[in-house]
K.L.:
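Here you go, one structure.
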Amino acid sequence: MGDLFLVRHGETEWSRSGRHTGWTDLPLTGDGRAQARGLVPLLRTLGIGAAFVSPLRRARETAELIGLPDARVDADLCEWDYGGYEGVTTAEIQRTRPGWFLFTDGVAPGPPEHPGESPEQVGERADRMLGKVDDALAGTDGDVVLVAHGHFLRVLTARRLGLGPRHGAHFQLATGTLCRLGTEHGRPVVAGWNLRPTG
């Protein structure tokens with residue numbers, strides 16, 4: 001069975017400034033496009049059997065730039081719904097909520113169309129996505145690639161390892177990087193993290 005590879009989209013204006021970016025559909029910056037193109041040599045070494053991508057522009061653009069234009073779009077890969085914290089930085093939130101931490105405290109309610117998600121709700125989405133990943137891995141001899149977003153992929157990693165959603169806090173994930181989740185003696189492990197080509 002193949003491995004699961006995670007790609008966080010390249011840099012956007014909001015990721016560069018630390019603003020929480022859930023549903024706001026931003027394009028990549030020039031640096032973000034360069035980050036994505038830089039992953040191509042790593043992706044070429046994989047035997048990709050299936051690829052999935054978030055419907056948001058920054059992820060779809062990244063998938064195209066890394067050579068996966070036909071990746072299957074899946075809404076379960078969307079970023080955390082930050083509710084009332086969309087577009088707000090952690091420092092700004094902590095001015096009124098000292099000590100606030102996304103992975104344990106969740107978000108403030110937002111508008112009806114984006115009410116916000118708790119860590120547990122994000123974990124449920126991650127579990128659904130992992131079910132699709134396992135089906136894809138069982139149906140192919142190759143690897144599976146997910147192109148998505150930082151906080152969501154951190155929660156998905158925690159769930160893959162059998163940890164609660166809040167443990168996603170322990171997996172800092174940079175823009176425009178590749179991560180590998182594999183197995184050792186039949187148990188899930190982190191086999192590579194925040195990878196970029198060297199040299």
Side-chain angles (χ1 to χ4, degrees), residues 6-29 32-33 35-36 50-65 68-133 135-136 145-160 164-169 171-176:
L6 313 177
V7 176
R8 183 181 175 194
H9 64 77
E11 179 195 78
T12 68
E13 291 290 348
W14 282 18
S15 67
R16 181 165 56 196
S17 62
R19 296 171 71 181
H20 288 92
T21 318
W23 68 85
T24 304
D25 213 6
L26 299 176
L28 300 179
T29 62
R33 289 189 292 276
Q35 287 174 341
F52 299 84
V53 64
S54 160
L56 295 167
R57 178 178 177 184
R58 56 197 184 272
R60 288 186 291 108
E61 191 176 353
T62 298
E64 290 170 9
L65 289 168
L68 298 174
D70 299 322
R72 192 180 330 165
V73 175
D74 196 306
D76 278 337
L77 285 171
C78 282
E79 180 59 295
W80 198 312
D81 182 341
Y82 297 119
Y85 291 157
E86 181 77 4
V88 184
T89 68
T90 296
E92 289 168 335
I93 296 166
Q94 289 179 341
R95 287 181 198 144
T96 56
R97 289 185 68 181
W100 173 83
F101 189 54
L102 175 66
F103 288 96
T104 53
D105 299 326
V107 300
E113 62 275 18
H114 293 290
E117 288 179 296
S118 68
E120 292 73 25
Q121 288 171 318
V122 179
E124 289 168 7
R125 271 201 296 121
D127 288 346
R128 281 198 307 269
M129 194 66 230
L130 287 169
K132 298 169 199 177
V133 165
D135 288 345
V145 179
L146 305 181
V147 184
H149 311 274
H151 283 138
F152 176 77
L153 289 175
R154 291 168 69 173
V155 171
L156 181 137
T157 297
R159 297 301 300 136
R160 188 61 158 182
R166 72 182 185 281
H167 293 288
F171 302 101
Q172 188 277 333
L173 182 53
T175 56

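Please read all numbers here as calculations on a predicted model, not as lab measurements. Position 1 is the first residue of the sequence; numbering continues from there.
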K.L.:
I need the minimum non-hydrogen distance between P55 and C78, along with the two atoms involved.
P.N.:
CG-SG, 3.5 Å
K.L.:
Taking all heavy atoms of A59 and all of S54, pick out the closest pair and write down the distance.
P.N.:
CB-CB, 3.7 Å
K.L.:
Nearest heavy-atom pair of A126 and R159: which atoms, and what distance?
P.N.:
CB-CG, 4.2 Å
K.L.:
Within the 4.5 Å heavy-atom criterion, are L102 and Y85 side-chain neighbours or not?
P.N.:
no
K.L.:
Nearest 0.5 Å please: distance from the CD atom of E64 over to the CG atom of L28.
P.N.:
10.0 Å
K.L.:
Between T29 and E13, what is the shortest heavy-atom contact and its length?
P.N.:
CG2-N, 3.5 Å
K.L.:
Under the side chain to side chain contact (heavy atoms under 4.5 Å, CB included) test, which residues partner E92, sequence neighbours left out?
P.N.:
V88, T89, R95
K.L.:
List the atom of W100, the atom of Q94, and the distance in Å for their closest heavy-atom pair.
P.N.:
O-NE2, 2.8 Å
K.L.:
If every non-hydrogen atom of G164 is compared with every non-hydrogen atom of A158, which pair is closest and at what distance?
P.N.:
O-CB, 3.5 Å
K.L.:
I would like to know whether R57 and D25 meet salt bridge (Lys or Arg N to Asp or Glu O under 4.0 Å); could you show each step before the answer?
P.N.:
CA-CA 6 Å; R57 178 178 177 184; D25 213 6; over 6 Å; no
K.L.:
Does R72 CZ have over 12 foreign heavy atoms under 6.0 Å away?
P.N.:
no
K.L.:
Could you state the interatomic distance from CG (L156) to CZ (R125), rounded to the nearest 0.5 Å?
P.N.:
10.0 Å
K.L.:
Compare all side-chain heavy atoms of V133 with those of R160 and state whether any distance is below 4.5 angstrom.
P.N.:
yes
K.L.:
With sequence neighbours left out, what residues match A36 under side chain to side chain contact (heavy atoms under 4.5 Å, CB included)?
P.N.:
T62, L65, I66
K.L.:
Show, in sequence, the C-alpha distance, side-chain angles and deciding distance for E11 and T175, and conclude whether the side chain to side chain donor-acceptor pair (under 3.5 Å) test is met.
P.N.:
CA-CA 6 Å; E11 179 195 78; T175 56; 5.6 Å; no
K.L.:
Would you say the side-chain atoms of W14 pair up with the backbone N or O of G87, donor to acceptor, closer than 3.5 Å?
P.N.:
no
K.L.:
Within this structure, what is the CZ-OG1 distance for the pair F171 and T157, rounded to the nearest 0.5 Å?
P.N.:
6.5 Å
K.L.:
Would you check if T21 and E79 make a side-chain contact, meaning some heavy-atom pair closer than 4.5 Å?
P.N.:
no
K.L.:
Measure the OG-NE2 distance between S15 and H149 for me, rounded to the nearest 0.5 Å.
P.N.:
11.5 Å
K.L.:
Given T24 and E86, is the side chain to side chain donor-acceptor pair (under 3.5 Å) satisfied, shown in steps?
P.N.:
CA-CA 8 Å; T24 304; E86 181 77 4; 2.6 Å; yes
K.L.:
Using side-chain heavy atoms (C-beta onward) and a distance below 4.5 Å, is I93 in contact with H20?
P.N.:
yes
K.L.:
Quick one, M129 and F52 - any side-chain contact, counting heavy atoms below 4.5 Å?
P.N.:
yes
K.L.:
Is the closest basic N to carboxylate O distance between E61 and R58 below 4.0 Å?
P.N.:
no
K.L.:
Closer than 3.5 angstrom, by distance alone: can the side chain of E117 be matched with the main-chain N or O of W80 as a donor-acceptor pair?
P.N.:
no
K.L.:
Roughly how far apart are F152 CZ and L77 CG, rounded to 0.5 Å?
P.N.:
5.5 Å
K.L.:
Can you measure from CZ (R16) to CG (L26) and round to the nearest 0.5 angstrom?
P.N.:
11.5 Å
K.L.:
Would you please indicate yes or no on a ring centroid separation below 6.0 angstrom for H151 and F103?
P.N.:
yes
